[in-house]
There are 4 protein chains.
Amino acid sequence: MSPLSEEQLIKRRETQRQRIVEAALKVFAVRGLHGAKMSMIAEEAELSAGQLYRFFESKEELFITLIRQVAKETTMERINDLPGSPFDKLRSFTASILKEESAQYPFKLIQHANNAEDVPDEAKQLLQHFSVKRYIEQLLPLFEEGQQIGDFAQGNARKLISAFLTMLSALITLNMPIDDDHQLPDADMLMRIVAGPRFQDR
Amino acid sequence: MSPLSEEQLIKRRETQRQRIVEAALKVFAVRGLHGAKMSMIAEEAELSAGQLYRFFESKEELFITLIRQVAKETTMERINDLPGSPFDKLRSFTASILKEESAQYPFKLIQHANNAEDVPDEAKQLLQHFSVKRYIEQLLPLFEEGQQIGDFAQGNARKLISAFLTMLSALITLNMPIDDDHQLPDADMLMRIVAGPRFQDR
Amino acid sequence: MSPLSEEQLIKRRETQRQRIVEAALKVFAVRGLHGAKMSMIAEEAELSAGQLYRFFESKEELFITLIRQVAKETTMERINDLPGSPFDKLRSFTASILKEESAQYPFKLIQHANNAEDVPDEAKQLLQHFSVKRYIEQLLPLFEEGQQIGDFAQGNARKLISAFLTMLSALITLNMPIDDDHQLPDADMLMRIVAGPRFQDR
Amino acid sequence: MSPLSEEQLIKRRETQRQRIVEAALKVFAVRGLHGAKMSMIAEEAELSAGQLYRFFESKEELFITLIRQVAKETTMERINDLPGSPFDKLRSFTASILKEESAQYPFKLIQHANNAEDVPDEAKQLLQHFSVKRYIEQLLPLFEEGQQIGDFAQGNARKLISAFLTMLSALITLNMPIDDDHQLPDADMLMRIVAGPRFQDR
DNA sequence: TATGAATGAGCATTCATTCAT
DNA sequence: GATGAATGAATGCTCATTCAT
């Protein structure tokens with residue numbers, strides 16, 4: 001029956017598990033805890049609903065697992081690979097997030113976890129503290145550099161990052177359909193929050 | 001014959017109806033359209049679930065009625081009664097909203113309506129366009145005055161207000177619990193978005 | 001409080017009770033046992049839903065009472081007051097029933113009682129046996145006369161009446177909307193069932 | 001992988017679907033649209049109530065599907081396979097319908113659809129027009145032959161059939177239990193409606 | 001006593017979870 | 001192991017019946 005070695009089997013299992021988590025991220029992010037049906041996640045992961053339960057005991061466990069992984073793994077580090085000044089990097093990074101749907105999933109997830117009531121406390125804690133803290137630490141060097149060269153506003157850098165992330169998260173999840181009269185704030189709007197004197201009212 | 005006069009009955013009925021709407025506002029705002037159960041609304045309004053249906057034909061009708069009322073009645077006008085300059089007014093107003101839970105319900109409702117699936121179109125329309133537009137118009141004189149005296153940043157005032165409201169809404173719904181290390185963005189943070197040169201980096 | 005004598009009170013009560021029964025006849029006949037709501041009957045009788053229960057312990061009791069009264073009181077006797085031969089009388093009588101809605105109520109009631117499953121056995125028994133029997137006895141003299149003068153078909157008169165009533169009942173309750181191509185059987189159609197040789201194929 | 005082949009699954013599914021439709025036919029016919037509970041249909045089809053919804057979106061859809069199938073498939077054509085003259089055929093056919101409960105379901109369904117409130121319009125249309133028209137067309141050759149050889153009464157054949165069907169439907173749904181004194185109208189009674197001179201008063 | 005407000009049991013429907021195949 | 005069929009608990013809604021006023 002089994003032409004695969006024990007090790008291969010374990011690896012295969014891990015791959016599938018990861019595939020489920022990714023499917024769940026997408027579905028939970030887009031539809032929220034209540035709106036996401038196990039059947040949708042199964043379909044997205046291309047396996048049967050029954051199979052989900054070989055990997056996760058319940059919807060709740062899947063959700064918490066997902067949250068844990070997002071809290072641990074989501075990273076802001078690729079911002080450093082972008083070209084230009086700190087200000088340029090942050091703007092490009094912001095714009096790319098606002099453009100690419102899958103980059104928004106973690107933010108949407110945080111949003112849903114905050115708004116839904118039946119979310120296990122552990123999940124809320126993880127998302128709110130741990131992941132935001134991680135993001136802040138990852139962005140800190142960039143911001144400090146930006147403040148030194150006058151690109152960014154002065155003051156407590158961590159507080160500034162926190163503000164920026166909150167606003168970014170807001171933009172993503174509010175997702176207000178654009179209306180002709182009042183264009184919504186976009187990446188440049190966001191940059192006002194962090195911009196130093198040099199950029200004000202430009 | 002009748003134990004209560006016609007007039008009393010009508011008044012009583014209207015009172016109760018309003019009580020249901022208020023209970024619904026709270027529950028829908030906190031839990032969203034799908035997370036809110038009719039039984040929760042009934043409990044909040046202190047009557048039986050069955051009774052709700054004497055006032056509203058369905059959960060959906062209750063929701064839409066609520067949305068209509070919010071869209072029509074929620075006002076930003078009391079901001080004008082606050083003391084001080086436009087900047088002071090906006091800051092006090094913002095701070096009071098961030099402090100008082102019931103003031104946040106309309107914003108949370110908008111948030112839920114935007115993120116949840118299966119929200120009746122009429123509700124989405126009303127919340128997204130009508131109510132946001134109303135807020136903008138109500139804040140416009142204040143902002144224009146603030147721009148004239150240099151309190152607020154220059155540029156399209158409506159766009160500025162829209163940005164501000166988006167951010168306010170974000171703060172409310174993100175609702176991140178304060179954590180010792182990194183104080184969350186608060187009213188002053190928000191003011192950065194609208195502040196003119198005079199206030200930058202103060 | 002009471003300017004009415006004991007006797008007047010009792011009479012008044014009886015009047016109201018009768019009014020309820022008549023309202024119930026109409027509503028049950030038109031909508032059936034399940035389709036008839038107590039509130040509809042109350043409205044038809046022009047009193048409150050609560051009042052019904054001062055006269056009848058339950059919907060079921062009201063229904064059975066109604067059935068009993070219909071079984072006992074519905075009469076075919078006015079057929080004898082009509083002008084003409086037995087054949088003429090029966091045809092006029094039939095036509096009048098087919099034209100006047102309230103005359104059809106007892107027939108519709110029988111129909112509903114036969115078709116609904118949750119009808120108390122007593123009600124079914126009463127309607128099926130007792131009332132049909134009464135009708136037969138009331139029509140018997142007319143039919144016998146009709147047979148003697150050759151208006152009606154020969155054979156067991158009771159059986160003939162039973163057949164006729166079944167068909168009449170059918171016409172009333174089937175109530176098929178007339179369609180241009182195939183006019184429905186009407187009074188003359190019905191008469192074929194009882195007609196003697198004299199009337200065949202006229 | 002799959003424990004059953006695709007083909008087997010599809011066949012099985014179709015079988016079960018048909019089984020539900022048959023259960024529904026029985027329950028709807030006997031109890032009517034409102035009297036029939038989904039749980040009853042489920043029990044009759046020997047599955048859980050929840051399962052019904054894997055095959056039909058709602059009670060209404062199940063009902064309409066059933067009606068459609070009845071309107072399309074119920075046939076009078078097997079009457080032609082019976083032995084004897086047109087008169088004999090019609091009498092045997094009638095008697096068999098009056099004896100076999102499942103043959104009566106379509107008639108009962110029509111009856112319920114006509115009498116109940118809140119029956120979807122499509123269902124009424126289908127039953128009243130389409131199916132009755134079909135029956136008429138299917139019986140037309142037999143009746144025309146019967147009229148030619150003098151078995152059946154003269155006149156508009158379609159009208160005659162319509163009358164006959166109405167009466168047959170009546171007999172089925174009235175369903176009066178036989179009582180010793182007055183034998184109920186039966187197949188022979190029905191034949192009086194269509195019988196030509198040859199058969200009168202036999 | 002009369003009203004109509006309130007309750008709660010019942011039914012349609014959905015979906016997480018289990019299980020026969 | 002894998003599938004998707006089956007179950008049953010939960011929830012929206014209706015309406016007979018009761019009860020506060």
Side-chain angles (χ1 to χ4, degrees), chain A residues 1-2 4 9 12-13 16 34-43 46-54 56-62, chain B residues 1-6 8-9 12-13 16 34-42 46-62, chain C residues 1-2 9 12-13 16 34-43 46-54 56-63, chain D residues 1-6 8-9 12-13 16 34-42 46-62:
Chain A
M1 268 306 200
S2 171
L4 294 176
L9 275 177
R12 191 180 127 81
R13 195 175 156 79
Q16 262 205 315
H34 294 301
K37 313 301 175 194
M38 289 301 263
S39 57
M40 294 172 182
I41 296 171
E43 194 179 0
E46 288 174 40
L47 39 67
S48 71
Q51 273 305 84
L52 292 181
Y53 290 83
R54 296 224 322 117
F56 301 92
E57 286 206 339
S58 67
K59 186 178 180 181
E60 184 169 319
E61 200 215 299
L62 171 54
Chain B
M1 288 297 186
S2 184
L4 287 177
S5 77
E6 178 98 1
Q8 283 173 308
L9 276 177
R12 191 181 134 83
R13 199 176 155 79
Q16 255 200 322
H34 298 299
K37 311 301 175 193
M38 290 302 264
S39 57
M40 294 171 183
I41 296 171
E46 289 174 40
L47 37 69
S48 72
Q51 273 302 87
L52 294 179
Y53 292 86
R54 294 214 321 112
F55 295 87
F56 300 92
E57 285 204 344
S58 66
K59 184 179 179 179
E60 183 169 322
E61 199 215 298
L62 172 53
Chain C
M1 267 308 198
S2 169
L9 276 177
R12 190 179 128 82
R13 196 175 154 78
Q16 262 203 316
H34 295 301
K37 313 301 175 194
M38 289 301 263
S39 57
M40 293 171 181
I41 296 171
E43 194 179 1
E46 289 175 41
L47 39 68
S48 71
Q51 275 304 86
L52 292 181
Y53 290 83
R54 298 222 324 116
F56 301 93
E57 285 206 340
S58 67
K59 187 179 179 179
E60 183 170 322
E61 199 215 300
L62 171 54
F63 186 72
Chain D
M1 287 292 184
S2 184
L4 287 177
S5 77
E6 179 99 0
Q8 283 174 307
L9 276 177
R12 191 181 134 83
R13 199 177 154 77
Q16 255 198 322
H34 299 299
K37 311 300 174 192
M38 290 301 264
S39 57
M40 293 171 183
I41 295 170
E46 288 175 42
L47 38 68
S48 72
Q51 273 302 85
L52 294 180
Y53 292 86
R54 292 212 325 112
F55 295 85
F56 300 92
E57 286 205 341
S58 66
K59 185 178 178 178
E60 183 168 321
E61 199 214 298
L62 172 53

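To find a chain, count down the sequence lines: A is the first, B the second, and so on, and within it residues start at 1.
A pairwise comparison of heavy atoms in B/Leu62 and B/Met38 identifies CD2-CE, 4.3 Å as the closest pair. Shown here for A/Glu61 and A/Glu57, the closest heavy-atom pair between the two residues is OE1-N, 2.9 Å. Taking every heavy atom of both residues into account, B/Ser48 and B/Ala42 meet most closely at C-CB, 3.7 Å. Shortest non-hydrogen contact noted between B/Gln16 and B/Phe55 is OE1-CZ, 3.5 Å. Scanning both residues, B/Ala49 and B/Ser39, for their nearest heavy atoms gives CB-CA, 4.5 Å.
Taking side-chain N and O atoms only, C/Tyr53 has a distance below 4.0 Å to OP1 or OP2 of F/dT17. Contact annotation: B/Gln16 reaches the phosphate of E/dA6 (side-chain N/O to OP1 or OP2, under 4.0 Å). Residue D/Arg13 places at least one side-chain N or O under 4.0 Å from the OP1 or OP2 atom of F/dA5. Taking 4.0 angstrom as the limit, D/Arg54 places none of its side-chain polar atoms (N or O) nearer than this to OP1 or OP2 of F/dG4. Under 4.0 angstrom from either OP1 or OP2 of F/dA2 there lies at least one side-chain N or O belonging to A/Gln51.
In this structure, CD of A/Glu46 is placed 15 Å from P of F/dA2, rounded to the nearest angstrom. Atom-to-atom, CE of D/Met40 to C1' of E/dA12 comes out at 13 Å; the value is rounded to the nearest Å. Taking atom CG on A/Leu52 and atom P on F/dG4, their separation rounds to 13 Å, with Å as the unit. For the pair B/Phe55 CZ and E/dT7 P, the computed distance is 11 Å after rounding to whole Å. Between D/Met38 atom CE and E/dA12 atom C1' the separation is 7 Å, expressed in whole Å. One interatomic measurement links the two molecules: NZ of A/Lys37 to P of F/dG4, which rounds to 21 Å at whole-angstrom precision. Going from atom CD of B/Glu61 over to atom C1' of F/dG12 covers 14 Å, rounded to whole Å. If you measure from atom NZ of A/Lys59 to atom P of E/dT18, you get 15 Å, rounded to the nearest angstrom.
Atom NE2 of residue D/His34 and atom NZ of residue D/Lys59 lie 7.0 Å apart, to the nearest 0.5 angstrom.
For A/Arg12, whose side chain is taken as the heavy atoms from C-beta onward, the closest listed nucleotide among E/dA12, E/dT17, F/dA2 is F/dA2. If you check F/dT17, F/dT7, F/dC15 against the side chain of C/Ser58, the one that comes closest is F/dT17. The side chain of A/Ser48 lies closest to F/dT3, out of F/dT3, E/dA16, F/dT7.
Pairing of E/dA9, defined by two Watson-Crick or G-U wobble distances under 3.5 Å, is identified with F/dT14. In this structure E/dA20 sits in a base pair with F/dT3, meeting the Watson-Crick or G-U test at under 3.5 Å.
Residue-level contact check: D/Ala36 touches the backbone only, with heavy atoms under 4.0 Å from sugar-phosphate atoms and none from bases.
Nearer to the 5' terminus of DNA chain E, by closest-nucleotide assignment, is the contact made by D/Glu57 (compared with the other of D/Glu57 and A/Gly50). Residue B/Leu47 is the one, among B/Leu47 and D/His34, whose nearest nucleotide of DNA chain E lies closer to the 5' end (criterion: closest heavy atom).
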